[in-house]
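Quick caveat, the model's predicted, so the values are computed rather than measured. Counting begins at 1 with the first residue of the sequence.
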Amino acid sequence: MKTFTTILLIAISTTFFAQEYNLKKGYVAEGYDVVSYFSNTAEKGAKEFTTTYNKVKFKFSSKKNLDTFKKAPKKYIPAYGGFCAYALGTKAERVSIDPETFEIRAGKLYLFYNAWGTNTFKMWQEEGAEQLKEKADKNWIKIKKEK
């Protein structure tokens, strides 16, 4: 019985943390290197440079970026768990992203949906990024509490 309880708790905690992140393709930011964004590039991560933080997986394009992440992981984790910042600001919804559509704002990584002629990063800028960010911050807190 003790083993079953332990397995159940691990499953619940893993699911809890995983729900806070957009894990399309099994990794945060769809396997893109979250450190590379801070050099204003979106680089795909490589399987040989992976780590787990907060029970979710991250990929990196180099050992240097992997090591950089390990020193200060919270700095590099995308806002809103890697869901589209615009969708969280306007609709309070978790929407997938295009990992190559991003912004670094006040030292934080924001990712956006960009497909089928809809570039939410452009909309984010046109409609007032700072106000949308404030709404997204509030909506993200509500979404996390609803779990």
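- Here the options are F112, F102, Y113, the test is ring-ring contact (aromatic ring centres under 6.0 Å, His included), and the partner is W124; only F112 passes.
- In summary, D137 and K133 engage in a salt bridge, as defined by a charged side-chain N under 4.0 Å from a carboxylate O.
- The shortest distance between side-chain heavy atoms of L88 and I143 falls below 4.5 Å.
- Residues E130 and R105 are in side-chain contact: their nearest non-hydrogen atoms beyond the backbone lie under 4.5 Å apart.
- Distance CD/E103 to CG/N40: 10.5 Å, rounded to 0.5 Å.
- Here the straight-line distance linking atom CD of Q125 with atom CG of N119 works out to 8.0 Å at 0.5 Å rounding.
- To the nearest 0.5 Å, the span separating NZ on K59 from NZ on K25 amounts to 9.0 Å.
- Residues Y21 and N54 form a side-chain contact, since some pair of their non-hydrogen atoms from C-beta on lies under 4.5 Å apart.
- Between Y80 and Y110, the ring planes lie tilted relative to each other; the angle falls in the 30° to 60° range.
- Taking CG of N114 as the start and NZ of K122 as the end, the distance is 7.5 Å to the nearest 0.5 Å.
- Using a 30° and 60° split on the angle between ring planes, Y76 and F38 fall in the perpendicular class, above 60°.
- Between F49 and D33, every side-chain heavy-atom pair lies at or beyond the 4.5 Å cut-off.
- The heavy-atom pair separating V35 from N65 by the smallest distance is CG2-O, 3.5 Å.
- Judged purely by atom type and a 3.5 angstrom limit, T51 has no side-chain atom pairing as donor or acceptor with the backbone of F58.
- At a threshold of 4.0 Å, the pair K63-E48 does not count as salt-bridged, since none of the basic side-chain nitrogens sits closer than that to a carboxylate oxygen.
- A pairwise comparison of heavy atoms in A87 and V95 identifies CB-CG2, 3.4 Å as the closest pair.
- To the nearest 0.5 Å, atom NZ of residue K135 and atom NZ of residue K91 are 13.5 Å apart.
- The two residues I97 and E30 come nearest to each other via the heavy atoms O-OE2, 3.0 Å.
- Annotation: side chain of F69 is in contact with side chain of Y53 (closest heavy-atom distance under 4.5 Å).
- In this structure, P78 and L111 approach most closely via the heavy-atom pair CB-CD1, 3.9 Å.
- No side-chain heavy atom of V28 sits less than 4.5 Å from a side-chain heavy atom of I77.
- Residue Y27 is not grouped with residue L66 when hydrophobic side chains (ILVMFWY) are merged at heavy-atom distances under 4.5 angstrom, including chains of intermediate members.
- The OG1 atom of T118 sits 12.0 Å away from the CG atom of D98 when rounded to the nearest 0.5 Å.
- In this structure, M123 and Y86 approach most closely via the heavy-atom pair CE-OH, 3.3 Å.
- When all heavy atoms of A29 and P99 are compared, the pair lying nearest together is O-CB, 3.7 Å.
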- [ ] Start with the C-alpha distance between F60 and V34, add both sets of side-chain angles, then the distance that settles side-chain contact (heavy atoms from CB on, under 4.5 Å), and finish with yes or no.
- [x] CA-CA 7 Å; F60 301 90; V34 293; 3.9 Å; yes
- [ ] Go through the steps for S61 and E43 under the test side chain to side chain donor-acceptor pair (under 3.5 Å), then give the verdict.
- [x] CA-CA 6 Å; S61 59; E43 296 180 28; 2.9 Å; yes
